[in-house]
Amino acid sequence: MILIFLGPPGSGKGTQASKLHETAGIPQLSTGDMLRAAISQSTAVGLQAKSFIDRGQLVPDEVVVKLIEERIELEDCSSGFILDGFPRTVSQADSLEGLLSAKNKKISKVVVFEIDDELLVNRLSGRRTCESCGAMYHIRERKSAVESVCDRCGGKLVQRTDDNEATIKKRLQIYHSQTSPLIEYYSKLGIVNKIEASRSVSSVFSDLNNILKSLET
Ligand code: AP5
């Protein structure tokens, strides 16, 4: 099963992909996480990506396509994966088609997380992430038991450098201009399902599971 999660920043793609990974064991391939890992390890990709991410701009297509190309070669992706935050441009979508058709594989479903922009600024500016295990919190809606400490592993909770209001607005602008055309791109293939993503995490997850059940029949 190959799934694409498409939606604006903060719509819950990462939260839902992580839950699906936990419950169904499908690998979560987040280009954002891969790029942040590259930045923290100061690799060549990380050094190149940092200035784009900090400005809320997209990292060049060839850089992210290469990351995905290498990642889907790994054994754990042989029976499927969730693409969380990739593709984000028509050019990336075309490259993905090429990579998959070379393996005789097809995208099973594109899940679009729909939500108004106003809700997203609050979600993202309050997000905190554990720098050790990646667990996600929110300063008002999903607090840790001890402030700034991860409930799961005791790691330190930090704010992403691109989760400030000005950069969030830039990311939203880029989503609408460069990424949302992919909804039309994949609709033409008849593989798009939309989810109203402003509801609770569990309601969204329940919709997601219903969509996946329809793939099994
Ligand atoms: P990336 O890391 O992919 O960020 P994003 O797309 O901006 O998405 P987010 O991670 O911010 O949001 P999300 O939808 O996953 O929401 P989440 O579940 O975390 O990319 C970062 C940057 O990397 C990009 O700007 C770009 O520079 C670069 N990049 C990445 N991929 C690229 C590509 N393919 N091409 C080029 N550049 C690329 O939830 C957000 C918050 O909301 C959390 O606090 C969460 O707890 C909360 N929340 C989630 N669901 C709910 C709910 N239902 N109710 C209430 N709160 C909720």
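None of these values were measured; they are calculated from a predicted model. Atom set for the values below is all heavy atoms of this structure, side chains included, hydrogens, waters and symmetry mates excluded. When a ligand or atom number is given, it counts from 1 through the structure's own listing order.
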Counting non-hydrogen protein atoms only, what is the nearest one to [atom]? Give residue, atom name and distance.
| atom | answer |
| --- | --- |
| atom 49 (C) of ligand 1 | Thr15 OG1, 3.4 Å |
| atom 3 (O) of ligand 1 | Arg88 NH1, 3.2 Å |
| atom 41 (C) of ligand 1 | Arg123 O, 3.9 Å |
| atom 43 (C) of ligand 1 | Met136 SD, 3.5 Å |
| atom 16 (O) of ligand 1 | Gly12 N, 3.2 Å |
| atom 26 (C) of ligand 1 | Gln57 O, 3.5 Å |
| atom 25 (O) of ligand 1 | Arg171 CG, 3.9 Å |

Considering distance alone, does some N or O of [X] sit under 3.5 Å from an N or O of ligand 1?
| X | value |
| --- | --- |
| Gly10 | yes |
| Arg142 | no |
| Asp162 | no |
| Lys13 | yes |

Is it true that [X] lies under 4.0 Å from ligand 1, counting heavy atoms only?
| X | answer |
| --- | --- |
| Tyr137 | yes |
| Arg36 | yes |
| Gly7 | no |
| Gln16 | no |
| Arg55 | no |
| Ser11 | yes |
| Pro8 | yes |

Side-chain donor or acceptor of Thr179 paired with backbone N/O of Arg88 under 3.5 Å: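 Pair found, side chain donor or acceptor close to backbone of Arg88.
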Tell me whether [X] is salt-bridged to [Y], with the criterion being a basic N under 4.0 Å from an acidic carboxylate O.
| X | Y | answer |
| --- | --- | --- |
| Lys13 | Asp84 | no |
| Glu62 | Lys66 | no |
| Arg171 | Asp163 | yes |
| Arg71 | Asp76 | yes |

Chi angles and distances behind the salt bridge (charged side-chain N to carboxylate O under 4.0 Å, His left out) call for Asp162, Lys170: CA-CA 10 Å; Asp162 57 348; Lys170 180 77 195 164; over 6 Å; no
CA sep, side-chain torsions, deciding dist, call: Arg160, Arg127, side-chain contact (heavy atoms from CB on, under 4.5 Å): CA-CA 8 Å; Arg160 271 171 45 176; Arg127 171 168 56 187; 3.1 Å; yes
